[in-house]
A.B. asks: 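The structure follows.
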Amino acid sequence: MGQPDSRTGHVGQGHIDRLPPGQRVQRGWPVTHYGPVPRFRPERWEFRVFGATADGDKHCWTHEEFAALPYQTVLADLHCVTKFSILGAEWGGVLTSTLLALAPPAPEVSHVMVWAEYGYSANLRLADFADDRAVFATHRDGELLTAEHGFPVRLIVPHLYAWKGPKWVRGVEYMAADRRGFWEERGYHNIGDPWREQRYSYQEEPGDGPEL
Ligand SMILES: Nc1nc2c(c(=O)[nH]1)N[C@H]1C(S)=C(S)[C@@H](COP(=O)(O)O)O[C@H]1N2
Ligand SMILES: [Mo]
């Protein structure tokens, strides 16, 4: 047991209150994604912030530059919409708030699209993306991510289902209107809050997302 974690307010691993409705605890760390694992090519890799930036310019980081950005850690669970949850991982990397400060969005930006290798994408409301626990993770529990788990960079948004956190991230597009990402176009909920069990698009209420 011990002291409650200052970020989650939860004590101990597997405490019942920390599990969103309909989820079960998964031991270990399964690999879950659509399609093949991309090969990392450092010389071709760049992390791009584009779309409606405040200065109208694209912002790019090489892998070396990205790895040199301020490193912070977040303690967070991972909730897959297929109903398993992984509890108590420490994610290390670059906070989305750091990136937003380095490449500020224009005032009209309301949503972002996070883009990954092979065209995988996930849309997020700017406020969800900017959450102070959202992190572009390069490490888990102090170790570099493996290729299957998203090396070199994956997004973790602790308060949303894990499909909202692309592995193998390559960029962020700032948007002045909402647009559906990969799974959001294919039957999954536009917002994806596990605590409200927003799993599927048929559960969406007016205002939750663009017309399907
Ligand atoms: N690029 C990419 N990222 C992705 C996915 C995917 O299909 N492609 N699947 C998501 C889903 S549904 C989950 S549950 C988590 C799983 O992360 P893990 O394999 O590291 O456990 O990755 C997310 N990120
Ligand atoms: Mo998932």
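Counting starts at 1 for both ligands and their atoms, following the listed order. Start at 1 with the first residue, then count along the sequence.
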A.B. asks: Please check if the number of heavy atoms outside E143 that lie under 6.0 Å from its CD is greater than 12.
C.D. replies: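 No, CD of E143 has 12 or fewer neighbouring heavy atoms, counting only those of other groups under 6.0 Å.
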A.B. asks: Taking the basic N atoms (NZ, or NE/NH1/NH2) and the acidic carboxylate oxygens, is any pair closer than 4.0 Å for R179 and E184?
C.D. replies: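 A salt bridge is absent here (no side-chain N lies under 4.0 Å from a carboxylate O).
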A.B. asks: Can you pull out the closest protein heavy atom to atom 7 (O) of ligand 1? Residue, atom name and distance to 0.1 Å, please.
C.D. replies: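 Answer for atom 7 (O) of ligand 1: Y34 N, 2.7 Å.
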A.B. asks: Does ligand 1 come near enough to H33 that some N or O of the ligand is less than 3.5 Å from an N or O of the residue?
C.D. replies: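 Not met; the criterion fails.
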A.B. asks: What is the ring orientation for Y120 with F182, classed by angle as parallel under 30°, tilted 30 to 60°, or perpendicular over 60°?
C.D. replies: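 Tilted: the ring planes of Y120 and F182 meet at 30° to 60°.
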A.B. asks: Please confirm whether the ring centroid of Y200 lies under 6.0 Å from the ring centroid of Y188.
C.D. replies: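 Judged by ring-centre distance (under 6.0 Å), Y200 and Y188 do meet the cut-off.
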A.B. asks: Suppose we measure from atom 22 (O) of ligand 1 to each protein heavy atom; which comes out shortest, and what is that distance?
C.D. replies: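 Among all protein heavy atoms, the one nearest atom 22 (O) of ligand 1 is R154 NH2, 3.4 Å.
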A.B. asks: Atom 19 (O) of ligand 1: which protein heavy atom is closest, and how many Å away?
C.D. replies: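 Answer for atom 19 (O) of ligand 1: K167 NZ, 2.5 Å.
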A.B. asks: Starting from atom 9 (N) of ligand 1, locate the nearest protein heavy atom and write down its residue, its atom name and how far away it is, to 0.1 Å.
C.D. replies: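 Looking at atom 9 (N) of ligand 1, the protein heavy atom closest to it is T32 O, 3.5 Å.
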A.B. asks: Below 3.5 angstrom, do we get any N/O pair linking W168 and ligand 1?
C.D. replies: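 Such a contact does not occur with ligand 1.
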A.B. asks: How long is the span from the CG atom in D178 to the NE2 atom in H111, to the nearest 0.5 Å?
C.D. replies: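 Rounded to the nearest 0.5 Å, the CG-NE2 separation comes to 3.5 Å.
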A.B. asks: Looking at ligand 1, is there an atom of it that comes within less than 4.0 Å of some heavy atom belonging to P166?
C.D. replies: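 In this structure, P166 qualifies as a contact of ligand 1 - some heavy atom is under 4.0 Å.
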A.B. asks: Would one find an N or O of W29, backbone or side chain, under 3.5 Å from an N or O of ligand 1?
C.D. replies: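 Among all N and O atoms of W29, at least one is under 3.5 Å from an N or O of ligand 1.
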A.B. asks: Heavy-atom contacts with V31 under 4.0 Å: which atoms of ligand 1 show up? List them by number with element.
C.D. replies: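 Atoms satisfying the 4.0 Å criterion: 19 (O).
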A.B. asks: Considering distance alone, does some N or O of I86 sit under 3.5 Å from an N or O of ligand 1?
C.D. replies: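 Looking only at distances, the answer is no, because the N/O contact criterion of under 3.5 Å is not met.
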A.B. asks: For atom 24 (N) of ligand 1, find the nearest protein heavy atom and state the residue, atom name and distance (0.1 Å precision).
C.D. replies: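 Among all protein heavy atoms, the one nearest atom 24 (N) of ligand 1 is G165 O, 3.0 Å.
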A.B. asks: Give the ring-plane orientation class for W45 versus H63, where under 30° counts as parallel, over 60° as perpendicular and anything between as tilted.
C.D. replies: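 If you compare the ring of W45 with that of H63, the planes turn out perpendicular.
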A.B. asks: Return the residue, atom name and 0.1 Å-rounded distance of the protein heavy atom closest to atom 12 (S) of ligand 1.
C.D. replies: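 For this ligand atom, the closest protein heavy atom is W163 CB, 3.6 Å.
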A.B. asks: Please walk me through it: do F151 and F40 pass ring pair (Phe, Tyr, Trp, His ring centres under 6.0 Å)?
C.D. replies: CA-CA 8 Å; F151 178 83; F40 174 54; 5.1 Å; yes
A.B. asks: Flag P30 as yes when one of its N or O atoms lies below 3.5 Å from any N or O atom of ligand 1, and as no otherwise.
C.D. replies: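 Yes, since at least one N or O of P30 sits under 3.5 Å from an N or O of ligand 1.
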A.B. asks: In terms of heavy-atom contacts, does CD of E108 have more than 12 from other residues, nucleotides or ligands at under 6.0 Å?
C.D. replies: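 Count over threshold, so yes.
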A.B. asks: Assess whether side-chain contact (heavy atoms from CB on, under 4.5 Å) is satisfied between E46 and T62, documenting all intermediate values.
C.D. replies: CA-CA 5 Å; E46 62 171 11; T62 63; 5.8 Å; no
